[in-house]
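Notes to accompany the following structure.
Below, chains carry the letters A, B, ... as their sequence lines are ordered, and counting in each starts from 1. Please read all numbers here as calculations on a predicted model, not as lab measurements.
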Amino acid sequence: MRYSRYFLPTLKETPSEAEITSHKLMLRAGMIRKLSSGIYSYLPLGLKAIRKVENIIREEMNRAGAQELLLPMVQPAELWQESGRWEQYGKELLRFKDRHKRDFCLGPTHEEVITDLVRREVRSYRDLPLNLYQIQTKFRDEIRPRFGLMRGREFIMKDAYSFDADEKGAEKSYWQMYETYHRIFTRCGLNFRAVEADTGTIGGSFSHEFMVLADIGEDTIVFCQDCDYAANIEKAEVKSTISPPAESPKSKEEVHTPGKHTVEEVTAFLGVPPQKLVKTIIYLADGKPVAVLVRGDHEVNEVKLGRLLGCNELELAPPEIIRTETGAEVGFAGPIGLDMPIIADLALKGMANFVTGANKTDYHYVNVNLDDFSVTQFADIRLITPDDPCPRCGGRLEFKKGIEVGHIFKLGTKYSKALKATYLDAQGKERYIVMGCYGIGVGRTVAAAIEQNHDKDGIVFPYPIAPYQIYLLPVDVNNPDIARTAEELYVKLEQHWEVLYDDREERPGVKFKDADLIGIPIRVTLGKHLKEGKVEIKVRKTGEVILTSLAELEDTLEKITIDLQPN
RNA sequence: CGGGACGUAGCUCAGUUUGGCAGAGCACAGCGUUCGGGACGCUGGGGUCGCAGGUUCAAAUCCUGUCGUCCCGACCA
């Protein structure tokens with residue numbers, strides 16, 4: 001591609017809307033432009049990077065025996081009503097009516113459509129297993145779009161669905177996708193980890209997320225330093241051993257704690273450690289108040305809590321509700337005398353003579369014990385901490401931030417039951433198809449790759465997803481020798497590589513800056529060394545500079561290309 | 001939806017406090033000089049100051065409303 005004719009509007013300055021590196025660089029490198037909040041246009045360079053990732057995905061999915069198809073983005077309400085998600089999915093599902101006033105939505109995911117397709121066509125166990133996938137634009141009306149392609153409302157996703165005759169087959173399909181995802185993200189040159197995850201609204205029995213390690217990641221992942229356990233913090237079980245309290249219980253006492261409502265304030269005021277305090281947090285589970293008790297230094301894991309309560313919506317109760325339910329301002333709630341279900345974290349079983357709110361503004365109780373109130377249920381409802389042991393081997397845990405680029409679910413029969421997707425087994429008996437679903441955020445993968453591969457000068461594309469492999473840079477196109485050699489090299493190199501040929505009449509500095517910014521892995525510079533018949537190769541990633549003769553150029557490039565492959 | 005910030009040229013931003021000619025740098029067009037790390041000089045084009053209403057002799061500036069964008073919290077690839 002000749003740069004002089006390429007639609008590649010790079011920017012010297014960062015548009016004020018961008019906050020994180022990948023977003024800034026994708027805007028500056030002319031890859032994307034925003035149309036509306038969370039809705040982006042992909043410019044040629046950005047689309048080319050996306051296509052690279054898509055092609056890797058395609059190759060690996062096809063290798064795994066999956067078949068590509070393409071499903072409609074506009075979907076009738078009936079299917080969603082049938083699965084129950086028309087009501088359940090919430091505002092994220094963008095709904096509208098057609099001219100006949102029929103309800104439709106934009107597809108945020110395609111379990112309904114694919115299951116409908118398969119139930120119509122699959123009759124026999126002989127038709128199974130089946131794995132179908134597509135790479136397509138999805139729309140989710142996110143509450144808060146963020147960080148460019150990292151969380152858009154419109155985004156490109158690869159979604160795959162497996163259909164098996166039984167649980168065993170479904171598990172095999174699941175683990176095959178697990179392997180496939182490893183291959184895909186490895187080939188994309190990413191530093192990632194597969195972690196155990198919660199299944200969320202998609203439902204199903206178990207699931208893994210593929211996380212690209214990056215500090216700006218919105219998820220926290222927990223690793224064991226001693227075994228291969230890795231999980232999303234939302235999912236990680238707490239398996240600390242709880243020994244009964246050593247102290248003998250004292251009797252509770254009301255104390256005046258004026259204006260002290262946070263854990264820090266109360267513990268500092270009373271001179272006790274946060275481990276001696278019990279936080280009482282009032283939630284609304286599908287609109288009904290529930291009190292949740294955790295130790296002062298622990299945090300509620302709302303995913304676990306929601307799962308335990310089996311509710312659709314879980315939110316912190318607003319201050320008005322807290323006032324009417326506890327009779328006190330926010331910050332003074334306690335379990336004693338509370339008229340609602342009380343869920344307590346297991347850690348409370350090891351506590352004695354602790355501090356709680358008194359349900360009276362500006363007062364707390366000290367020396368409270370479990371006998372002073374009744375707990376509806378004890379359960380593991382807190383976030384794991386670095387002090388907790390690994391739930392699998394008891395080893396030491398490490399925490400890191402990650403960007404979720406892929407998620408695989410073993411769905412089971414949730415959708416096949418709802419939509420009556422059945423087949424006849426070898427005995428002629430009707431059975432539900434067992435499903436799995438598997439997603440990859442394609443644009444997010446590109447953004448995550450940039451997040452992980454950049455420096456102060458710009459993007460450093462991993463070779464396999466670089467939009468071009470070679471940036472051919474004649475320093476001065478008005479120098480006849482340089483111009484002629486550049487033209488010849490462009491034609492020659494294009495036979496083996498994708499070449500971005502900077503034939504612009506710009507000063508060298510401008511070209512160098514743009515080359516670094518857009519992050520093409522190999523730069524070939526024609527300039528002052530051409531008099532001796534030499535050209536300069538610069539590797540973007542390492543900064544390594546190699547002077548080579550024109551005759552040896554292609555061999556040298558071959559070698560560098562091999563070195564730049566991941567693993 | 002709650003909290004915070006912002007909206008002036010294609011981009012980055014001054015100007016708003018204290019109402020009085022619409023600004024700078026970059027980018028763009030032309031000419032000249034320059035040419036291996038975002039050059040310099042001269043000239044030029046480019047604006048519904050987000051939008052609507054109000055106050056005023058006079059509004060980018062003050063008031064009311066509204067729309068949009070971004071950030072922090074509840075959702076997800």
Side-chain angles (χ1 to χ4, degrees), chain A residues 9-20 23 27-28 30 33-39 53 57 89-93 108-109 135-160 181 197-202 207 209-212 218-219 232 234 283-284 302-303 306 312-319 402-409 437-448 457-458 473-479 482 505-517 523 525-530 536 538 545:
Chain A
T10 58
L11 302 171
K12 275 197 212 175
E13 286 176 287
T14 304
S16 52
E17 72 202 39
E19 204 70 18
I20 65 162
H23 188 198
L27 287 168
R28 286 192 55 209
R33 287 292 183 266
K34 187 180 66 186
L35 178 64
S36 181
S37 180
I39 302 179
V53 172
I57 292 172
Y89 212 95
K91 289 186 182 163
E92 229 173 286
L93 186 65
T109 174
I135 297 174
Q136 184 212 35
T137 297
K138 299 281 186 271
F139 195 92
R140 295 182 188 172
D141 202 355
E142 292 280 346
I143 301 165
R144 183 153 90 87
R146 233 190 298 208
F147 301 154
L149 294 197
M150 210 61 94
R151 179 187 297 288
R153 292 194 292 169
E154 187 178 298
F155 61 100
I156 299 171
M157 176 165 144
K158 186 282 305 186
D159 47 324
Y181 273 39
D198 187 74
T199 51
T201 49
I202 304 255
S207 115
E209 287 166 335
F210 287 76
M211 295 283 192
V212 170
E218 297 184 75
D219 291 280
N232 191 309
E234 294 175 344
Y283 279 93
L284 290 179
E302 296 188 358
V303 170
N312 228 331
E313 269 186 62
L314 181 71
E315 54 180 344
L316 282 172
I403 300 163
E404 181 191 354
V405 290
H407 201 161
I408 60 177
F409 299 86
C437 76
Y438 317 94
I440 293 178
V442 178
R444 188 184 278 184
T445 300
V446 173
D457 295 313
L473 193 156
V475 157
D476 178 8
V477 292
N478 293 317
N479 174 318
I482 291 177
E505 282 195 51
E506 289 286 355
R507 292 165 58 84
V510 173
K511 295 185 176 187
F512 290 139
K513 289 289 184 190
D514 275 331
D516 287 345
L517 175 62
R523 188 180 87 193
T525 309
L526 307 186
K528 59 193 176 193
H529 303 293
L530 196 61
E536 179 189 297
K538 186 168 183 184
V545 174

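- R33(A) CZ to L11(A) CG: the interatomic distance, rounded to the nearest 0.5 Å, is 4.5 Å.
- The CD atom of E19(A) sits 10.5 Å away from the OG1 atom of T14(A) when rounded to the nearest 0.5 Å.
- Residue contacts for D514(A): at a heavy-atom cut-off of 4.0 Å it reaches a base atom on one of the strands shown.
- Neither OP1 nor OP2 of C76(B) sits under 4.0 Å from any side-chain N or O of R444(A).
- Across all strands, T14(A) comes closer than 4.0 Å only to sugar-phosphate atoms, never to a base (heavy-atom distances).
- Between K12(A) and A27(B), a side-chain N or O to OP1/OP2 separation shorter than 4.0 Å is present.
- G527(A) comes within 4.0 angstrom of a base, heavy atoms only.
- At the heavy-atom level, R33(A) lies nowhere under 4.0 Å from the strands shown.
- In this structure, the CZ atom of R144(A) is 11 Å from the C1' atom of C75(B), given to the nearest Å.
- Taking atom CG of D476(A) as the reference point, atom P of G37(B) lies 13 Å away to the nearest angstrom.
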Side chains of residues 506-513 of chain A: which donor-acceptor pairs under 3.5 Å do they make with residues two or more places apart or in other chains?
unit_1	atom_1	unit_2	atom_2	d
K511(A)	NZ	P474(A)	O	2.9
K511(A)	NZ	D502(A)	O	3.1
K511(A)	NZ	R504(A)	O	2.8

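- In this structure, CZ of R151(A) is placed 14 Å from C1' of C72(B), rounded to the nearest angstrom.
- For the pair K34(A) and C70(B), the criterion of a side-chain N or O lying under 4.0 Å from OP1 or OP2 is met.
- Under the stacking definition used here (centres under 5.5 Å, planes under 30°), the residue F155(A) qualifies as stacked on the base of A77(B).
- Counting non-hydrogen atoms under 4.0 angstrom, N232(A) reaches nothing in the nucleic acid.
- Rounded to a whole Å, the CD atom of E505(A) is 17 Å from the C1' atom of G38(B).
- Within 4.0 Å (heavy atoms only), P145(A) reaches sugar-phosphate atoms of the nucleic acid but no base atom.
- By the 30° and 60° cut-offs, the orientation of the rings of F210(A) relative to Y181(A) is tilted.
- Within the 4.0 angstrom heavy-atom criterion, only backbone atoms of the sugar-phosphate kind lie near G509(A); the bases stay farther away.
- When the side-chain nitrogen and oxygen atoms of R507(A) are compared with OP1 and OP2 of A39(B), one or more of them lie within a distance under 4.0 Å.
- E209(A) comes within 4.0 angstrom of no nucleic acid atom, judged by non-hydrogen atoms across all strands.
- Using a 4.0 Å heavy-atom distance criterion, H23(A) is classed as making no nucleic acid contact.
- Under 4.0 angstrom from either OP1 or OP2 of G68(B) there lies no side-chain N or O belonging to S36(A).
- Residues K158(A) and V442(A) come closest through the heavy atom pair N-CG2, 4.0 Å.
- One interatomic measurement links the two molecules: CG of D516(A) to P of G38(B), which rounds to 12 Å at whole-angstrom precision.
- Between E19(A) atom CD and C6(B) atom P the separation is 14 Å, expressed in whole Å.
- Using a 4.0 Å cut-off, some side-chain N or O of S37(A) falls inside it from OP1 or OP2 of C70(B).
- Between the P atom of C70(B) and the CD1 atom of I39(A) lies a distance of 10 Å, rounded to the nearest Å.
- Taking atom CD of E536(A) as the reference point, atom C1' of G37(B) lies 11 Å away to the nearest angstrom.
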